[in-house]
Amino acid sequence: MCGIVGYIGDENASDIVIDGLKRLEYRGYDSAGIALCTKDGMMVRKKKGRIKNLEDMIAGENLYGHLAIGHTRWATHGAPSDANAHPHCDRSGKIAVVHNGIVENFMQLKEWLISEHGVEFHSETDTEVIAQLIGIFYHGDFEDAVFQAVEKMQGAYGLGVICADEPGKLIAVRKDSPLIVGLGEGCNFIASDIPAILKHVRKIYLIENNETVVLTASSVKIYNAERREVHREVFNVTWDADAAEKEGYDHFMLKEIHEQPKGIRN
């Protein structure tokens, strides 16, 4: 299953997001990528294969910013390739999206975007449809554009969305795909699983179905499908981060085999 990590705060977002993606490697993937809001606008880097390929690709680049989203992809629509890897952008290049799940009506939406708005697509994925859809609805109100796009989408998805025009905001959406929010000091996170961000935070929100989250470095607001704000109890993670790592084993399957006696005793 794909992995999502997002960060907004005072530190270099690209380093934090790539580290988070490494901690989601156990989910399996065929490509990885990152979108970063910088002083020069939206920067997107993505590569087929291991996360190491992505790191080698950006080595030496001065990718610095305080807002980023990252993704490890397990191919559904479209073969594993650089073009099909996430993140995907709208035609303006200002909006970037990472996505877990499947948009079931993406072909109808794609045909509508092509015929009614003249959108040109650059991948075979359903995820690019999401980015282009948000872009069509974006007229200066980032949150409203995401809500409008989601209203047209059918299927299961966890989304992370950023906009170059609003570098102080990160939006996430959950429908039938896991999503959490990590609460830090002067920073906040999104992820598809706790191990991705446990190095940094232990206070999290468990996002429920059909909820949209708007994050800044200092605030988190959760909204239901009717756009009404809801309040959520903080969940405190008490288990050790090492339990989610390989602990010296060559791969996760070997670690799980050796954990079986302890698991039975527990």
Side-chain angles (χ1 to χ4, degrees), residues 2-6 14 17-18 21 29-38 40-51 53-58 61 63 65 67-139 142 145-146 148-150 152-167 170-173 177:
C2 308
I4 287 176
V5 183
S14 62
V17 167
I18 288 177
L21 293 179
Y29 66 101
D30 55 51
S31 59
I34 185 171
L36 181 75
C37 276
T38 74
D40 299 316
M42 186 74 73
M43 304 291 288
V44 176
R45 299 291 184 270
K46 50 188 182 176
K47 194 71 176 173
K48 177 183 174 183
R50 312 305 295 175
I51 295 172
N53 297 350
L54 175 64
E55 289 184 298
D56 291 342
M57 178 185 182
I58 64 178
E61 287 194 72
L63 291 180
L67 170 64
I69 50 176
H71 191 268
T72 50
R73 177 179 188 249
W74 192 253
T76 51
H77 295 96
S81 68
D82 292 351
N84 288 333
H86 298 206
H88 289 283
C89 292
D90 76 319
R91 62 183 174 184
S92 74
K94 292 183 176 182
I95 291 170
V97 174
V98 290
H99 164 224
N100 290 351
I102 294 175
V103 179
E104 294 172 355
N105 63 334
F106 87 101
M107 279 305 301
Q108 296 96 310
L109 292 172
K110 186 173 185 177
E111 291 168 1
W112 177 75
L113 288 164
I114 293 170
S115 63
E116 297 296 323
H117 297 278
V119 173
E120 294 183 10
F121 284 82
H122 305 283
S123 76
E124 304 167 276
T125 68
D126 55 344
T127 305
E128 188 183 356
V129 170
I130 303 171
Q132 299 285 10
L133 194 61
I134 295 171
I136 290 298
F137 290 127
Y138 179 64
H139 302 289
F142 182 26
V146 174
Q148 286 193 65
V150 167
K152 285 190 171 291
M153 291 160 48
Q154 299 170 9
Y157 43 82
L159 306 178
V161 191
I162 58 177
C163 177
D165 287 346
E166 300 196 37
L170 167 60
I171 298 180
V173 185
S177 188

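Annotation: salt bridge (Lys or Arg N to Asp or Glu O under 4.0 Å) contacts of Lys48 (sequence neighbours excluded): none. Evaluation of the salt bridge (Lys or Arg N to Asp or Glu O under 4.0 Å) rule for Arg45 yields Glu61 as partners, not counting sequence neighbours. Remark: Asp90 engages Ser92 in a side chain to side chain donor-acceptor pair (under 3.5 Å) (not counting sequence neighbours). Ser123 pairs by the side-chain contact (heavy atoms from CB on, under 4.5 Å) definition with Asn84, His88, Thr125, Glu128, not counting sequence neighbours. Qualifying side chain to side chain donor-acceptor pair (under 3.5 Å) partners for Gln148, counting only residues two or more places apart in sequence or in other chains: Asp144. Remark: Asp165 pairs with Lys94, Tyr138, Cys163 by the side-chain contact (heavy atoms from CB on, under 4.5 Å) rule, at least two apart or across chains. In this view, His117 and Trp112 satisfy the ring pair (Phe, Tyr, Trp, His ring centres under 6.0 Å) rule, not counting sequence neighbours. Applying the salt bridge (Lys or Arg N to Asp or Glu O under 4.0 Å) rule to Glu116 yields no partners; only residues at least two apart in sequence or on another chain are considered. With sequence neighbours left out, the side chain to side chain donor-acceptor pair (under 3.5 Å) criterion links Asp56 to Lys52. With sequence neighbours excluded, the residues that form a salt bridge (Lys or Arg N to Asp or Glu O under 4.0 Å) with Glu55 are Lys22.
The shortest non-hydrogen separation linking Ala79 to Arg73 is O-NH1, 3.4 Å. What you find for Gly33 and Pro87 is that their closest heavy atoms are C-CD, 3.6 Å. Among all heavy-atom pairs drawn from Ile162 and Cys37, the shortest one is CD1-SG, 4.1 Å. The two residues Ala149 and Phe137 make their nearest non-hydrogen contact at N-CD1, 3.8 Å. Between Leu109 and Met153 the shortest heavy-atom distance is CD1-CG, 4.2 Å.
Looking only at distances, no side-chain donor or acceptor of Ser31 sits under 3.5 Å from a matching main-chain atom of Pro80. Checking side-chain atoms of Lys110 against main-chain N and O of Val129 turns up no donor-acceptor pair under 3.5 Å.
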Inset, instruction - Kindly indicate, with the supporting measurements, whether the criterion side-chain contact (heavy atoms from CB on, under 4.5 Å) is fulfilled by Tyr157 and Asp126. - result: CA-CA 11 Å; Tyr157 43 82; Asp126 55 344; over 6 Å; no
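Here the CD atom belonging to Glu111 is positioned 7.5 Å from the CD1 atom belonging to Ile114, to the nearest 0.5 angstrom. Rounding to the nearest 0.5 Å gives a distance of 8.5 Å between CD1 of Ile18 and CD1 of Ile51. With values rounded to the nearest 0.5 angstrom, Leu159 atom CG is found 8.5 Å from Ser177 atom OG.
At a threshold of 4.5 Å between non-hydrogen side-chain atoms, the residues Tyr29 and Leu21 do not count as touching. Looking at heavy atoms from C-beta onward, Val44 lies in side-chain contact with Cys89 at the 4.5 angstrom threshold. When side chains are defined from C-beta on, Cys2 counts as touching His71, because their heavy atoms get closer than 4.5 Å. Side-chain contact between Ile69 and Leu170 is present, with heavy atoms from C-beta onward closer than 4.5 Å. Side-chain contact between Phe142 and Val161: present, with at least one pair of heavy atoms (C-beta onward) separated by less than 4.5 Å. Side-chain contact between Ile136 and Leu113 is present, with at least one heavy-atom pair separated by less than 4.5 Å.
Paired with His86 under the rule side-chain hydrogen bond (donor to acceptor under 3.5 Å, both in side chains), one option of Thr72, Asn100, Thr127 passes, and it is Thr127.
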Under 3.5 Å donor-acceptor pairs involving side-chain atoms of residues 101-108, not counting sequence neighbours:
residue, atom, partner, partner atom, Å
Asn105, OD1, Gln154, N, 3.0
Asn105, ND2, Lys152, O, 2.8

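Under the salt bridge (charged side-chain N to carboxylate O under 4.0 Å, His left out) criterion, the residue pairs touching residues 76-89 are Lys47-Asp82, with sequence neighbours excluded.
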